[in-house]
Amino acid sequence: MANIVVVGSSNTDLVVRVPRIPQMGETIIGENMSMVPGGKGANQAVAAARLGAQVTFVARVGNDSFGQQSLSNFNQEGIDTRYITVDDQTPSGAALIAVDERGKNAIVVSPGANARLYPDDVDRAEEVFTRADVVLAQLEIPLLTVQRAFELARQYGARTILNPAPAMPLSETLLALTDIITPNELEARQLINARPSATPEEMAHELYAKGIPTVVLTLAEKGALLLYEDGLKHFPAIEVQAIDSTAAGDAFNAALAIALAEGMEPELVIRFANAAAGLSVTRPGAQPSMPTRDEVEALLGW
Ligand code: RIB
């Protein structure tokens, strides 16, 4: 069984479906709000558990109803929650999400307790890194915490996947600790400050030139690009009826982590991840949309 450590954020998503994403200064009327478990780290942890991995989630939630609800969800999913700290000083993370008629979204995150997930929290969980195949992190928590997690991953021989979402400047140290980076197109643009005309292929090459051994650039309905020692390959997305793209990247990253831990061939790894992402887009919400292993394999005809 793949052993995955996810270090990252947990949020409660307050989601409103809207006819279109509002412009600056504009008020628009949407549908009734729904409250959905989310947060990039938590979504990836839940997806990895549903896809059949043994998952430890290192995180921080507030001592409030959002935090309690999240913890109880993680336990129901069979996730190891021993290293989730309940923080009395600050509220749980939350996200305000507008989803338009095409299933595209705009998200504002209020980090709350996620901003206080410190390197010490990772150190407390050191024993789980000794068994990890893959350590997976995103950027809704402090960068030094991600760095500490990847240092422990290196120390114990686990592979590291950095989902640089939301994008922000990354230190040389963190880049050197990253085996696979998985930006979407916008994040890649922001990470390298690309000129507007830069193509996804050019951006992938520029990230690769920073010394990251594998770059996976996700392209939403256009699929994904894989750039590694064997060269650049494009993988089309699986065509689906798009309802809500929230957390599609999270499903992709979790599936990537598992496929890698299970030793799948690089091409199968990306097909597996594309299928998980595709399924998540067919359903509303973040964690509720994360697919199971059986669903992904059925879609792929495996
Ligand atoms: O990737 C989707 C997630 O981004 C949402 O669940 C929201 O909480 C934000 O973290």
Side-chain angles (χ1 to χ4, degrees), residues 6-18 21 33-50 57-62 64 66-67 69-71 73-74 77 79 84 90-100 103-117 136-143 145-146 161-168 181-188 190 216 218-220 224 242-257 273 276-291:
V6 181
V7 182
S9 58
S10 172
N11 294 331
T12 296
D13 294 347
L14 308 175
V15 186
V16 178
R17 292 202 76 101
V18 289
I21 305 296
M33 184 192 75
S34 51
M35 237 165 67
V36 185
K40 295 185 194 302
N43 299 341
Q44 292 178 20
V46 166
R50 290 191 190 161
F57 186 32
V58 180
R60 207 171 250 263
V61 296
D64 49 27
F66 283 179
Q69 184 61 53
S70 302
L71 271 174
N73 292 343
F74 303 145
E77 298 285 347
I79 293 169
I84 299 180
T90 188
S92 293
L96 311 177
I97 305 185
V99 181
D100 75 9
K104 302 274 183 191
N105 61 42
I107 303 181
V108 177
V109 169
S110 167
N114 299 307
R116 286 162 45 94
L117 183 70
L136 177 57
Q138 328 70 31
L139 299 179
E140 289 181 335
I141 56 170
L143 275 172
T145 306
V146 175
I161 301 178
L162 178 62
N163 175 216
M168 59 189 66
I181 195 162
T182 59
N184 65 22
E185 209 173 326
L186 178 63
E187 289 150 4
Q190 292 169 339
V216 179
T218 57
L219 302 168
I243 301 291
D244 181 354
S245 65
T246 308
D250 299 328
F252 185 97
N253 276 275
L256 184 78
L279 281 166
S280 79
V281 168
T282 63
R283 304 163 184 159
Q287 279 159 49
S289 75
M290 297 293 111

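Each ligand, and each atom within it, is numbered from 1 in the order the structure gives.
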Open item on the list: I'd like to check the ring pair (Phe, Tyr, Trp, His ring centres under 6.0 Å) partners of F74; sequence neighbours left out, ordered by chain and number.
Closed with: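 F74 satisfies ring pair (Phe, Tyr, Trp, His ring centres under 6.0 Å) with F57 once adjacent residues are dropped.
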Open item on the list: Evaluate L256 against T182 for side-chain contact (heavy atoms from CB on, under 4.5 Å), listing each step before the verdict.
Closed with: CA-CA 10 Å; L256 184 78; T182 59; 3.5 Å; yes
Show me the side-chain donor-acceptor pairs of residues 103-110 shorter than 3.5 Å, one per line, residues at least two apart or across chains.
from : atom 1 : to   : atom 2 : distance (Å)
K104 : NZ     : E221 : OE1    : 3.0
N105 : ND2    : T246 : OG1    : 3.1

Open item on the list: Suppose we screen for side chain to side chain donor-acceptor pair (under 3.5 Å). Which residues come up paired with S9, at least two apart in sequence or across chains?
Closed with: E140
Task: Residue pair N73 / Q69, side-chain donor-acceptor N/O under 3.5 Å - done: yes
Open item on the list: Is it the case that the side chains of N184 and T218 hold a donor-acceptor pair, with the cut-off being a distance below 3.5 Å and no angle test?
Closed with: no
Put together the list of close N/O pairs, under 3.5 Å, between ligand 1 and the protein, could you?
from     : atom 1 : to   : atom 2 : distance (Å)
ligand 1 : 1 (O)  : K40  : NZ     : 2.9
ligand 1 : 1 (O)  : D250 : OD2    : 2.7
ligand 1 : 4 (O)  : K40  : NZ     : 3.1
ligand 1 : 6 (O)  : D13  : OD1    : 3.4
ligand 1 : 6 (O)  : D13  : OD2    : 2.6
ligand 1 : 6 (O)  : G39  : N      : 3.0
ligand 1 : 6 (O)  : N43  : ND2    : 3.0
ligand 1 : 8 (O)  : N11  : ND2    : 3.0
ligand 1 : 8 (O)  : D13  : OD1    : 2.6
ligand 1 : 8 (O)  : G39  : N      : 2.9
ligand 1 : 10 (O) : N11  : ND2    : 3.1
ligand 1 : 10 (O) : K40  : N      : 3.4
ligand 1 : 10 (O) : E140 : OE1    : 3.0
ligand 1 : 10 (O) : E140 : OE2    : 2.6

